[in-house]
There are 2 protein chains.
Amino acid sequence: MRMSDVAKVVGVSAMTVSRALKADASVAPATRTAVLEAIAKLGYVPDQVAGALSSRRSGFVAALIPSLNNPHFSLTAQSLSDRLQDAGLQLLLGYTNYEREREAELVRTMLRRKPEGMILTHDGHAPETRALLTKARIPVVQIWDLPPAPFGHVVGFSNSNAMRDLVLELAAKGYRKIGYLGETDDEGTRGAARRAGYRSAVAELGMPERITAIGALPATMSDGEKGFAQLMAVWPEVDCIVCVSDPLAFGVIGACRRRGLSVPGDVAVAGFGDFEIGRVSQPAITTVAVDAAEIGRASGEIVVRALESSSLIDNSHVDIGTRVTMRESA
Amino acid sequence: MRMSDVAKVVGVSAMTVSRALKADASVAPATRTAVLEAIAKLGYVPDQVAGALSSRRSGFVAALIPSLNNPHFSLTAQSLSDRLQDAGLQLLLGYTNYEREREAELVRTMLRRKPEGMILTHDGHAPETRALLTKARIPVVQIWDLPPAPFGHVVGFSNSNAMRDLVLELAAKGYRKIGYLGETDDEGTRGAARRAGYRSAVAELGMPERITAIGALPATMSDGEKGFAQLMAVWPEVDCIVCVSDPLAFGVIGACRRRGLSVPGDVAVAGFGDFEIGRVSQPAITTVAVDAAEIGRASGEIVVRALESSSLIDNSHVDIGTRVTMRESA
DNA sequence: CGTTGTTATGTTATCGATAACATATTCACG
DNA sequence: CGTGAATATGTTATCGATAACATAACAACG
């Protein structure tokens with residue numbers, strides 16, 4: 001069933017039906033009701049594929065996150081989806097699995113759908129990605145970090161500074177032998193930025209670096225056991241373990257408990273991200289709070305605004321900030 | 001840039017370019033290389049919006065899950081996405097926020113995109129939803145439960161039977177006063193099915209029902225504290241608390257610990273779903289294991305198969321089963 | 001060497017909506 | 001009451017690809 005079929009039933013032209021479905025179009029109130037009634041009665045569903053081709057507006061905004069299965073990114077995606085929906089846009093979501101090549105491939109796939117905007121989680125990008133997006137001439141937002149050489153808009157925070165702040169505060173609390181537990185193969189990623197923050201903090205404090213990496217991206221709760229063992233094998237003296245994320249910290253705390261070590265009595269543990277797990281953990285996990293939902297909302301906002309004003313000129317640069325949150329574990 | 005532009009450069013017709021991009025089309029090898037080279041050089045990106053209109057194949061499969069922010073559903077979504085990608089299909093994901101009205105609205109929105117298949121997480125559906133989908137004449141898969149009156153295909157398991165099995169096994173282990181902690185306002189949902197399973201088990205065992213509900217869907221780790229208090233206020237005698245999900249069980253264990261109660265010494269706790277949290281929790285949580293990823297894979301498989309054979313006649317009915325998994329907490 | 005079949009390519013029409021333009025109708029105001 | 005503005009609706013062309021059909025080139029075979 002097409003618009004013209006509905007039009008025939010009502011006794012108007014297809015164009016009038018199209019107008020009746022657009023909120024701002026000028027249609028006589030009586031006509032609009034008649035059309036809408038007919039649509040409801042017939043169960044007509046407009047074909048947005050055709051509409052998109054004709055109007056050159058797909059109504060899509062594409063977003064790529066590293067993983068659907070990570071509360072941080074899914075929160076961001078959820079609030080992004082909400083914000084877009086308010087503006088009548090639909091989210092086209094993909095996940096890169098933390099792989100740059102997959103990201104490039106996905107960008108290609110997504111661009112075929114003619115999205116009106118694109119949102120990327122910054123973890124470094126393949127050179128091709130950048131070229132493709134520049135050519136697409138749509139607003140691009142990089143999220144979840146402040147990239148050194150951003151293209152397009154940015155909504156994030158400095159993973160490096162945030163981690164640095166955390167380590168400095170831990171040192172101020174009296175910890176002297178602070179170790180770091182991160183992920184392997186993390187060049188260019190947010191995890192690497194956090195590690196860099198740790199390094200800059202210990203350098204500033206005149207402390208030696210004590211860095212260990214476990215497992216592939218992303219570190220999970222289950223990695224805590226091995227990570228702890230590995231770290232302790234090399235630096236048994238550490239009095240505080242800073243982890244690249246809360247789930248990993250939770251896993252480390254479990255490993256401590258299993259060894260009869262008290263946290264933070266024998267060894268302190270800190271995480272990053274303020275995941276729910278850190279709040280309900282016992283002890284509750286000292287961490288850096290990040291407003292994942294706000295990243296989604298704000299990046300959606302930027303895309304919507306950019307589309308309204310169609311000014312691709314000025315790129316916003318939003319630092320949503322972070323907050324070191326001391327809890328029981330350190 | 002359009003196909004005809006590429007065609008002009010290569011010196012062929014647009015149709016030949018189109019064919020060169022289709023794996024199975026008959027094009028001379030030399031022509032194909034020439035076309036692909038030109039496409040790479042020009043950075044041409046095919047317009048799938050136009051392609052979809054013309055070929056009447058959108059390349060989309062829509063899926064609705066209750067929440068992106070739930071490891072179960074995001075796992076399902078991830079493996080579904082993978083399976084679809086293998087078949088050259090793209091996942092169009094939406095989340096209902098556990099609201100039937102929102103689901104109906106989303107189904108309407110999604111259908112405008114002419115998806116080739118639709119996957120719904122069963123939590124009961126608005127009557128409209130069913131009507132819309134029947135009219136759409138596309139394969140539909142209901143997942144995550146075995147609905148009493150399914151339409152379309154089904155990939156799931158009996159939430160009710162699974163919970164019944166768990167309670168019976170707990171009784172066999174010697175627990176005599178088994179309570180249940182679920183969600184409020186859960187009519188028609190998977191949670192309600194689990195509660196029904198509990199009721200049928202205790203009825204069978206000749207035990208009284210001890211049911212409490214906390215918070216809105218879905219129950220979270222943070223609900224554990226209040227849930228435990230509420231249950232204990234009414235049935236202080238319980239020796240085992242069965243929860244609608246692992247995260248809630250984890251929260252309950254935390255509440256016990258805070259009160260100095262040992263689990264399972266003073267009170268046993270069981271969950272449902274086999275989330276990662278249950279595995280790393282101390283004590284590890286007794287639960288019902290569900291293969292969330294397999295639900296995604298299998299439902300994607302069904303859609304892909306249905307599209308290949310274009311036989312909408314026979315509806316598959318896949319019970320992926322569950323496994324009671326006894327661990328330390330009960 | 002002519003007929004038939006296969007492979008490679010071109011041409012035309014079409015998918016279903018909407019932008020852009022054209023026209024009819026109504027209304028306000030001097 | 002006539003002119004111009006505002007409102008309501010219709011008509012035509014178009015978005016960019018691909019299906020369907022048409023045709024050209026060439027190979028195989030008796």
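Below, read A as the first sequence line, B as the second, and so on, with proteins coming before strands; counting in each chain starts at 1.
- The salt bridge (Lys or Arg N to Asp or Glu O under 4.0 Å) check on E128(B) picks up R108(B), with sequence neighbours excluded.
- Two residues are said to be in side-chain contact when any heavy atoms from C-beta on lie closer than 4.5 Å; L21(B) and P46(B) meet this criterion.
- Under a 3.5 Å cut-off, the side chain of S81(B) and the backbone N or O of A77(B) do not form any donor-acceptor pair.
- Checked for salt-bridge contact, R100(A) and D123(A) miss the test: no charged N lies under 4.0 Å from a carboxylate O.
- Counting only residues at least two apart or in different chains, ring pair (Phe, Tyr, Trp, His ring centres under 6.0 Å) contacts with residues 7-65 of chain B comprise F60(A)-F60(B).
- Paired with T121(B) under the rule side-chain contact (heavy atoms from CB on, under 4.5 Å), one option of V141(B), L64(B), I65(B) passes, and it is I65(B).
- Each salt bridge (Lys or Arg N to Asp or Glu O under 4.0 Å) pair with one or both residues in residues 17-43 of chain A, not counting sequence neighbours, would appear here, but there are none.
- The salt bridge (Lys or Arg N to Asp or Glu O under 4.0 Å) contacts involving residues 44-63 of chain A comprise R57(A)-E116(A), where partners must be two or more places apart or lie in separate chains.
- The salt bridge (Lys or Arg N to Asp or Glu O under 4.0 Å) test applied to R297(A) returns E294(A), E301(A), not counting sequence neighbours.
- Only at 4.0 angstrom or more do the heavy atoms of residues 107-116 of chain B sit from any atom of DNA chain D, so none qualifies.
- For D145(B), the salt bridge (Lys or Arg N to Asp or Glu O under 4.0 Å) test picks out no residue, with sequence neighbours left out.
- Computed from coordinates, the R57(B) CZ to dA19(D) P distance equals 10 Å when rounded to whole Å.
- Every residue was checked against the ring pair (Phe, Tyr, Trp, His ring centres under 6.0 Å) condition with Y95(B), not counting sequence neighbours, and none meets it.
- Annotation: the terminal axes of the helix from dC1(C)-dG30(D) to dG30(C)-dC1(D) meet at 30°, where each axis is the rotation carrying the C1' atoms of four end pairs onto the next four (5 pairs per end, rounded to 10°).
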Readout for nucleotides 9-16 of chain D: B = base within 4.0 Å of protein heavy atom, S = sugar-phosphate only, - = neither; 5' to 3' it is BBB---BB
Tabulate atom names and distances for all N/O pairs under 3.5 angstrom spanning the protein and nucleotides 24-27 of chain D.
none

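- Qualifying ring pair (Phe, Tyr, Trp, His ring centres under 6.0 Å) partners for H122(A), counting only residues two or more places apart in sequence or in other chains: H125(A).
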